[in-house]
Amino acid sequence: MALTGKKRAFADAVLAGFSNKEAAIRAGYSAATAAQAGARLVKDKDIAPYLAANKKASAPAAATPPPPPPPPTFDVAAALMHSDPKAFLAAAMNDAALEPKLRIDAAKALMPFVHAKLGEGGKKDQKQANAEKVASRFGQAAPPRLAAAGGKKV
């Protein structure tokens with residue numbers, strides 16, 4: 001999973017030289033639990049490789065600030081063009097520039113609109129469907145045609 005905004009802000013603050021607690025506060029975590037959040041975030045599976053890679057890259061030039069976060073790939077103007085939520089989710093799912101996690105989430109949200117659950121309907125609906133299936137085989141037959149009078153009523 002990619003770094004979220006808060007996680008990236010925390011990692012950038014740690015790379016800037018702040019303590020874990022200060023970095024957590026600067027990233028927007030509660031001041032009451034900042035120490036615990038900082039200790040937990042340093043060990044996070046997404047943040048630890050990011051910190052290791054950027055510490056190696058910034059070791060020779062310690063005075064340089066951390067690189068700015070990349071601009072968001074989510075285009076709000078494109079999102080507002082969709083008046084239908086299903087069309088928006090389909091566009092988000094098919095957008096190759098979007099993070100894979102967000103594309104998967106859009107596909108999950110779109111799934112119930114495209115494919116119905118197998119058990120949807122309930123007992124009464126299933127009983128009615130079974131009754132209609134049987135009635136079509138054994139229903140009342142159409143009356144016989146009057147062929148003796150040439151099709152005319154007698």
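Just so it is clear, the structure is predicted and the values come from calculations on it, not from any experiment.
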> With Asp105, which residues qualify under side-chain contact (heavy atoms from CB on, under 4.5 Å), at least two apart?
Replying inline: Lys101, Lys108

>> Please enumerate all residues that pass side-chain hydrogen bond (donor to acceptor under 3.5 Å, both in side chains) together with Asp44, with sequence neighbours excluded.
In response: Lys7

>> The criterion is side-chain hydrogen bond (donor to acceptor under 3.5 Å, both in side chains); which residues satisfy it with Glu22, sequence neighbours excluded?
In response: none

>> According to side-chain contact (heavy atoms from CB on, under 4.5 Å), who are the partners of Ala34, at least two apart in sequence or on a separate chain?
In response: Lys21, Ala24, Ile25

>> Can you tell me how far apart CD1 (Ile104) and CD (Glu99) are? Round to the nearest 0.5 Å.
In response: 11.0 Å

> Counting heavy atoms not belonging to Lys86, are there more than 12 under 6.0 Å from its NZ?
Replying inline: no

> Once you round to the nearest 0.5 Å, how far does NZ of Lys6 lie from CD1 of Ile47?
Replying inline: 11.5 Å

> How would you list, by chain and number, every residue that makes a side-chain contact (heavy atoms from CB on, under 4.5 Å) with Leu89, sequence neighbours excluded?
Replying inline: Ala106, Ala109, Leu110

>> Is there a side-chain contact between Leu51 and Leu15 in this structure, where contact means two heavy atoms from C-beta onward sitting under 4.5 Å apart?
In response: yes

> Can you name the residues that form a side-chain contact (heavy atoms from CB on, under 4.5 Å) with Ala39, not counting sequence neighbours?
Replying inline: none

>> Test of understanding: with side-chain hydrogen bond (donor to acceptor under 3.5 Å, both in side chains), list the residues that count as partners of Asp12, not counting sequence neighbours.
In response: Tyr50

>> Check for me whether Arg26 meets the cation-pi criterion with Phe10, that is, NZ or CZ under 6.0 Å from the six-membered ring centre and within 45 degrees of the ring axis.
In response: no

> Under the 3.5 angstrom rule, does the side chain of Arg103 hit a backbone N or O of Asp95 as a donor-acceptor pair?
Replying inline: yes

